[in-house]
Amino acid sequence: MHTCTFLPASEFFFSGHRGCGKSTELLHLLSNPEISKKYWPINFSIREEADIIDIDFRDVLLAMAAACFGNIARKAGNSRPAP
């Protein structure tokens with residue numbers, strides 16, 4: 001078990017081959033109550049939101065915006081996202 005000390009302006013970059021545990025490690029970090037109080041994680045897969053064969057930056061930005069909007073709507077009590 002590794003302990004991670006966070007500095008005020010910490011930034012992390014996770015990279016690695018498919019299946020090496022990047023998402024698992026992020027979920028592990030977000031299970032920490034101190035981190036969960038400070039950050040509002042929004043987890044989504046771009047594969048479910050866009051055609052990854054023909055993708056560009058606009059698709060990624062729109063998918064991120066849609067994920068943020070849907071998450072905010074659910075937290076506000078609106079279980080049905082806008083069309």
Side-chain angles (χ1 to χ4, degrees):
M1 177 82 161
H2 298 284
T3 303
C4 191
T5 304
F6 292 94
L7 301 174
S10 295
E11 293 181 16
F12 298 93
F13 177 76
F14 287 89
S15 67
H17 60 83
R18 183 183 216 177
C20 72
K22 299 176 298 289
S23 295
T24 302
E25 184 60 28
L26 287 171
L27 291 172
H28 174 74
L29 286 171
L30 293 173
S31 69
N32 181 325
E34 290 182 34
I35 295 172
S36 295
K37 281 188 236 175
K38 186 174 180 180
Y39 298 100
W40 183 5
I42 298 173
N43 190 11
F44 77 100
S45 172
I46 192 67
R47 292 173 194 264
E48 296 170 5
E49 305 297 328
D51 176 14
I52 61 169
I53 302 297
D54 183 31
I55 194 169
D56 70 3
F57 72 96
R58 290 170 284 234
D59 298 321
V60 175
L61 291 175
L62 285 171
M64 290 170 59
C68 289
F69 178 78
N71 195 281
I72 290 168
R74 282 189 297 281
K75 286 203 181 242
N78 182 359
S79 61
R80 193 182 75 154

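Computation of the quantities below employed the complete heavy-atom set of this structure, encompassing side-chain atoms and omitting hydrogens, waters and symmetry-equivalent molecules.
The hydrophobic cluster containing L62, built from Ile/Leu/Val/Met/Phe/Trp/Tyr side-chain heavy atoms closer than 4.5 Å, comprises no other residue. Hydrophobic clustering, defined by side-chain heavy atoms of Ile, Leu, Val, Met, Phe, Trp and Tyr closer than 4.5 Å, leaves I53 isolated from every other such residue.
Taken from CG in N32 to NZ in K37, the straight-line distance is 9.0 Å, to the nearest 0.5 Å.
A side chain to side chain donor-acceptor pair (under 3.5 Å) check over residues 63-72, counting only residues at least two apart or in different chains, returns the pairs W40-N71. Residue pairs that meet the salt bridge (Lys or Arg N to Asp or Glu O under 4.0 Å) test with at least one member in residues 44-59, sequence neighbours left out, are D56-R58.
Residues I52 and V60 share a single hydrophobic cluster, defined by chaining ILVMFWY side chains whose heavy atoms lie under 4.5 Å apart. Both M64 and I46 belong to a common hydrophobic cluster when Ile, Leu, Val, Met, Phe, Trp and Tyr are linked at side-chain heavy-atom distances under 4.5 angstrom.
With sequence neighbours excluded, the residues satisfying side chain to side chain contact (heavy atoms under 4.5 Å, CB included) with C20 are H17, K22.
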